[in-house]
Structures are given as structure tokens and as C-alpha cells.
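Below you'll find the structure, written out as C-alpha cells, and then a few comments.
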Amino acid sequence: MRTFPLRIGTPDGLLFEGEVERVVCRSITGDLAILAGHCNFCTALGMGEAHVVTADGTRREAACIGGMLSVMDGECHVLATTWEWQEDIDEERASSAKQRAEEKLAKGGLTDQEYKIVQAKLQRALVRLSVKN
């Protein structure tokens with residue numbers, strides 16, 4: 001299968017650079033896959049599971065939470081707010097975050113802003129746990 005260059009970075013630095021067959025992420029409008037030969041493209045990333053298939057066929061899973069994806073002249077760049085490879089996710093921490101968020105939602109009495117923040121924390125924890133398992 002044809003490959004293309006991919007760079008994945010976060011505000012903390014470069015996480016991946018290499019040739020890949022495919023990258024799959026969740027955009028704000030749904031899941032998308034980028035393959036070699038993709039047209040120039042730019043989109044905001046949502047919160048969800050992602051994966052990369054490297055040139056040797058290895059599939060690497062990740063949690064991607066926000067950011068931008070662009071394809072320009074055959075090169076793909078992902079600048080994610082958070083990108084966590086499956087092996088780097090702390091399952092215990094994610095489970096604790098999920099439990100705290102669920103408890104806050106069950107307790108109620110949240111303002112609209114507080115509710116949105118807790119919902120986002122719950123969603124992040126669920127994405128991490130989904131990728132880890």
C-alpha cells in the first residue's frame with residue numbers, strides 16, 4: 001500500500017514522524033481516514049479514538065482530544081490538544097476521572113457551565129478507557 005509522511009504533535013512537542021499507510025481520527029463532523037494521495041484538506045479535530053497504520057503495517061491506537069488536522073501537498077500534520085498512545089494511557093487515572101465526573105453529574109446542582117465542563121471530563125475519560133481496553 002502507498003504511504004505518505006505524517007507528523008503528530010501536541011503543545012508539548014512532536015510525538016510521531018514517519019511514513020504511514022493511514023491515519024484515522026475523529027473530526028468535529030465525524031470520523032475520517034487519510035490515505036496517500038488525499039487532496040489538500042484541513043479540519044478541526046473532535047474527541048475520540050484514533051489510529052495510525054505505519055509503513056510496516058503496525059497499527060497504533062491513540063486517544064485524540066481536539067486540535068487540527070491538515071493535508072498539504074501529500075503531507076499530513078496533526079496538531080492535537082491531547083494525543084495519548086494506548087500504551088501511555090494511565091487506566092487507573094482515567095477510571096478515577098470517570099468516577100469523579102459521574103458522581104458530580106449524579107449529585108446535580110451544577111450551573112450550565114459546570115455541567116459542560118464535567119461532561120467534557122467524562123467524555124475524555126471514556127475515550128481514554130475505550131482506547132486502553
Side-chain angles (χ1 to χ4, degrees):
M1 186 171 232
R2 290 176 42 210
T3 64
F4 61 95
L6 171 67
R7 291 177 57 120
I8 301 172
T10 68
D12 294 329
L14 185 65
L15 299 178
F16 178 87
E17 183 172 27
E19 291 289 315
V20 300
E21 292 180 359
R22 174 175 62 242
V23 60
V24 177
C25 296
R26 171 135 330 136
S27 76
I28 58 171
T29 58
D31 290 348
L32 63 92
I34 304 295
L35 302 170
H38 200 287
C39 65
N40 291 345
F41 181 74
C42 185
T43 189
L45 295 173
M47 189 181 314
E49 297 179 36
H51 71 265
V52 173
V53 178
T54 60
D56 67 3
T58 303
R59 180 178 165 134
R60 294 191 66 194
E61 304 284 337
C64 178
I65 299 169
M68 295 293 295
L69 177 144
S70 67
V71 179
M72 186 63 71
D73 299 327
E75 295 183 13
C76 184
H77 296 97
V78 175
L79 180 56
T81 304
T82 301
W83 182 281
E84 290 177 282
W85 294 111
Q86 182 181 42
E87 61 271 16
D88 297 331
I89 295 171
D90 183 337
E91 187 172 5
E92 186 176 315
R93 182 172 167 238
S95 292
S96 295
K98 175 182 175 277
Q99 183 177 353
R100 284 191 306 275
E102 288 173 338
E103 287 170 358
K104 285 182 182 180
L105 290 172
K107 183 178 176 185
L110 301 171
T111 66
D112 287 346
Q113 182 67 18
E114 291 169 334
Y115 180 82
K116 289 177 185 175
I117 290 169
V118 174
Q119 277 291 105
K121 288 180 179 184
L122 176 60
Q123 185 62 35
R124 281 193 299 271
L126 291 171
V127 168
R128 287 180 172 117
L129 290 170
S130 178
V131 169
K132 189 64 176 179
N133 298 316

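Starting from 1, each residue takes its place in the sequence as its number.
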- Item | Sidechain-backbone polar pair: Lys132 side chain, Glu91 backbone, donor-acceptor under 3.5 Å | no

- Query: What closest approach, in Å, do Val118 and Ala101 show between heavy atoms, and which atom pair accounts for it?
  - Reply: CG1-O, 3.4 Å

- Item | Minimum heavy-atom distance between Val71 and His38, given as atom pair plus value | CG1-O, 3.9 Å

- Can you hop from Leu6 to Val24 via hydrophobic side chains spaced under 4.5 Å? no

- Would His51 and Gln86 count as a side chain to side chain contact (heavy atoms under 4.5 Å, CB included) if you check the C-alpha gap in whole Å, the side-chain angles of each, and the deciding distance to 0.1 Å? CA-CA 10 Å; His51 71 265; Gln86 182 181 42; over 6 Å; no

- Task: Only one of Arg100, Gln99, Lys107 passes side-chain hydrogen bond (donor to acceptor under 3.5 Å, both in side chains) with Glu103; say which it is.
- Result: Gln99

- Query: With hydrophobic residues grouped by side-chain heavy-atom distances under 4.5 Å, do Val53 and Val78 end up in a single group?
  - Reply: no

- What pair of heavy atoms forms the shortest contact from Ala63 to Ile89, and how long is it? CB-CD1, 4.2 Å

- Item | Hydrophobic cluster membership, Phe4 vs Leu32, 4.5 Å side-chain cutoff | yes

- Task: Determine whether Met68 and Cys42 make a side-chain contact, defined as any pair of heavy atoms from C-beta on separated by less than 4.5 Å.
- Result: yes

- Heavy-atom distance under 4.5 Å between the side chains of Asp73 and Asn40, does that happen here? yes

- For the pair Glu84 and Asp90, evaluate side chain to side chain contact (heavy atoms under 4.5 Å, CB included) and give the outcome as yes or no after the intermediate values. CA-CA 10 Å; Glu84 290 177 282; Asp90 183 337; over 6 Å; no

- Message: If I compare all heavy atoms of Ile65 with all of Thr81, which pair ends up nearest, and what's the gap?
- Response: O-CB, 3.1 Å

- Query: With the 4.5 Å side-chain cut-off for hydrophobic clustering, are Trp83 and Leu69 part of the same group?
  - Reply: yes

- Item | Atom pair NE2/CG of His77 and Leu14 - distance to nearest 0.5 Å | 9.5 Å

- Item | side chain to side chain contact (heavy atoms under 4.5 Å, CB included) between Lys98 and Leu122, intermediate numbers included | CA-CA 5 Å; Lys98 175 182 175 277; Leu122 176 60; 3.8 Å; yes

- Task: Look at the side-chain heavy atoms of Ile, Leu, Val, Met, Phe, Trp and Tyr, link any pair under 4.5 Å apart, and say whether Val52 and Phe41 land in one connected group.
- Result: yes

- Can you tell me how far CG of Leu126 sits from CD of Gln119, rounded to the nearest 0.5 angstrom? 9.5 Å

- Supply the atom-to-atom distance Thr3 OG1 to Leu35 CG, rounded to the nearest 0.5 angstrom. 11.5 Å

- Query: Is there side-chain contact between Met72 and Glu75, with heavy atoms separated by less than 4.5 Å?
  - Reply: no

- Item | Minimum heavy-atom distance between Ala80 and Pro11, given as atom pair plus value | O-CD, 3.3 Å

- Query: Could you state the interatomic distance from CD (Glu114) to CG (Leu105), rounded to the nearest 0.5 Å?
  - Reply: 11.0 Å

- Item | Spatial distance of atom CD1 (Ile8) from atom CG (Leu79) [nearest 0.5 Å] | 11.0 Å

- Item | Over 12 non-hydrogen atoms of neighbours within 6.0 angstrom of OH in Tyr115 | no

- Quick one: are Glu19 and Pro5 in side-chain contact, heavy atoms under 4.5 Å? yes

- CZ-CE distance between Arg26 and Met47, expressed to the nearest 0.5 angstrom: 10.0 Å

- Message: Taking the side chain as everything from C-beta on, heavy atoms only, tell me whether Trp85 gets closer than 4.5 Å to Phe16.
- Response: yes

- Kindly check if the number of other-residue, nucleotide or ligand heavy atoms within 6.0 Å of CG (Asn133) is above 12? yes

- Message: When you compare the side chain of Glu87 with that of Arg60, does any pair of heavy atoms fall below 4.5 Å?
- Response: yes

